[in-house]
Amino acid sequence: MKTLHPIGMRILAVIPVLALFLATANAGTITTIASTIPSNGDLNPYGVALVPTTTGALTKGNILVSNFNNSANLQGTGTTIVQISPSGTVTLFAQIDANNLPGPCPGGVGLSTALVALRSGWVIVGSVPTTDGTSATVKAGCLLVLNSNGQVAETFYGSLINGAWDMAAADAGDHASLFVTNVLNGTVAGGGKTVHGGTVLRLDLTVAHGSMPNLEQMTIIGSGFAERTDPAALVIGPTGLALSQSGNDGDGHGHNSVLYVADTLNDRVVAIEDPLQRNNSGGTGMTVTQAGALNNPLGLEIAINGDILTVNGGNGYLVETKVEGDHGHQIGKVLLDDMGNPPGAGALFGLTDVAGQGIYFVDDNENALNLFH
């Protein structure tokens, strides 16, 4: 649960960079783009998605942000997605009523970091709901499928979707594959102890023009990840994921692609090979990088230059890892948030790197969308 810090209390400063190739050679700047708090007071921004197409209420190049907490700061109760332009204009894209859904979503609505916007105009967001902000009441939730006007059209749910915590997509327009980390497989029963039930799930969709996405199949492609409940974070388990650049080659086949996953509790980033084609689990993947500057890595993104970007849950650092062959080398880190004790802990979740602009990221301590550039 986050302490609230009004926008403007933090003095934006030039921050030194070690080897972060995404910034200028020597330094970067953090700029607050906008508050993520909508009119209903929802807090704790988690998911970040770049809008790829202008359609309906969506504008290409804008950023969608999902809120995990309600105005009382209870985790797993946020119901809103805001849309923010690069110039800082904020509109409410969706406010989801748990009592008026077109399909099941066990436990209701609490929007997680799992958020993608597809080229077809559909937006998909995860729900990891509670009734009181604690793990004692957390339920399996679902994936909510919204049209381009922010209305929920359908839900994806079932035994394989159990705490959809983060998400990435391979998007070919008329078909897409979603990759979802699940963090509630045996976690609540573990009573705060670490269990190893975390999964990575692939959902294969067909997206016919003018029709809702059709779920063709679900396949577990990763399993055995460490996860546990946590009073401050609700739950900790595998979080961010992203396809290597070859996985987003436009045809949806992703030849020679790799799915990178943030194995949060083990301070590592792993690779699952052949994520779009495999029909079995790759276990917990192959370690790409571990420890070093990683400290409970949460959000994960592939940078414009192909490197892996992760943001830490244990402190306020962004870490850049360059992959060479089967292994990665951490080449730089930059402090994005220094509030609290320890500085920046629990502040950083979703992020996206936008060519010619920089890295957009949400900061929970500020309830803001910021830009590192």
Side-chain angles (χ1 to χ4, degrees), residues 44-50 63-69 75-76 78 81 110-118 123-129 138 140-144 156 160-171 176-185 187 197-203 218 220-223 225-228 230 233-244 247-248 259-272 275 284-285 294 296-302 308-313 318-319 346-353 360-362 364:
N44 221 10
Y46 266 26
V48 170
L50 179 67
I63 306 292
L64 296 178
V65 176
S66 54
N67 286 303
F68 191 51
N69 294 15
Q75 297 178 103
I81 300 173
L111 303 185
S112 70
T113 319
L115 179 65
V116 299
L118 300 179
V123 174
I124 304 172
V125 63
S127 175
V128 183
V138 69
C142 68
L143 294 177
L144 299 154
F156 298 150
L160 297 183
I161 298 175
N162 193 8
W165 204 227
D166 209 338
M167 179 163 47
D171 185 5
S177 292
L178 308 177
F179 300 92
V180 180
T181 46
N182 289 276
V183 293
L184 289 181
N185 296 306
T187 311
T199 62
V200 178
L201 180 68
R202 186 185 73 231
L203 297 88
M218 294 190 289
I220 294 175
I221 65 167
S223 57
F225 287 94
E227 55 185 5
R228 63 172 172 81
D230 184 87
L234 187 69
V235 63
I236 303 175
T239 307
L241 20 64
L243 281 169
S244 60
N248 275 310
L259 182 72
Y260 297 110
V261 182
D263 182 4
T264 305
L265 283 172
N266 287 310
D267 291 335
R268 68 176 188 146
V269 173
V270 304
I272 297 176
T284 58
L294 297 179
N296 285 359
L298 294 173
L300 185 151
E301 177 66 284
I302 300 300
I308 301 171
L309 303 176
T310 49
V311 287
N312 286 336
L318 165 71
V319 180
L348 305 176
F349 287 86
L351 72 161
T352 186
D353 187 19
Y360 289 93
F361 65 95
V362 286
D364 285 12

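Count residues from 1 along the sequence. Scope of the values below: all heavy atoms of this structure, side chains included, with no hydrogens, waters or symmetry mates.
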[Y] and [X], any side-chain heavy atoms less than 4.5 Å apart:
X: V123; Y: L115; value: yes
X: V261; Y: F179; value: no
X: L318; Y: L351; value: yes
X: I272; Y: R202; value: no
X: L118; Y: I124; value: yes
X: I308; Y: L300; value: yes
X: Y46; Y: Q75; value: yes
X: P238; Y: V183; value: yes

Which atom names give the shortest non-hydrogen contact between [X] and [Y], and what distance separates them?
X: A164; Y: L143; result: CB-CD2, 3.7 Å
X: T181; Y: T239; result: OG1-O, 3.0 Å
X: N44; Y: N69; result: ND2-OD1, 3.0 Å
X: L243; Y: A170; result: CD1-CB, 3.4 Å
X: L178; Y: A169; result: CD2-CB, 3.9 Å
X: N182; Y: N162; result: OD1-N, 2.8 Å

Interatomic spacing from [atom1] in [X] to [atom2] in [Y] - rounded to 0.5 Å:
X: E301; Y: L309; atom1: CD; atom2: CG; value: 7.0 Å
X: T199; Y: L160; atom1: OG1; atom2: CG; value: 7.5 Å
X: T264; Y: R228; atom1: OG1; atom2: CZ; value: 10.5 Å
X: T352; Y: Y360; atom1: OG1; atom2: OH; value: 9.5 Å
X: N312; Y: L298; atom1: CG; atom2: CG; value: 7.5 Å
X: F156; Y: L144; atom1: CZ; atom2: CG; value: 10.5 Å

Partners meeting side chain to side chain donor-acceptor pair (under 3.5 Å) with T187 (sequence neighbours left out): E227
Does D263 form a side chain to side chain contact (heavy atoms under 4.5 Å, CB included) with V269? I'd like the steps, not just the answer. CA-CA 6 Å; D263 182 4; V269 173; over 6 Å; no
Kindly determine whether T284 and V270 satisfy side chain to side chain contact (heavy atoms under 4.5 Å, CB included), including the steps that lead there. CA-CA 7 Å; T284 58; V270 304; 5.6 Å; no
Do the two ring centres, one from W165 and one from F68, sit under 6.0 Å apart? yes
Using modelled atom types and a 3.5 Å cut-off, is there a donor and acceptor pairing between side-chain atoms of N296 and backbone atoms of G313? no
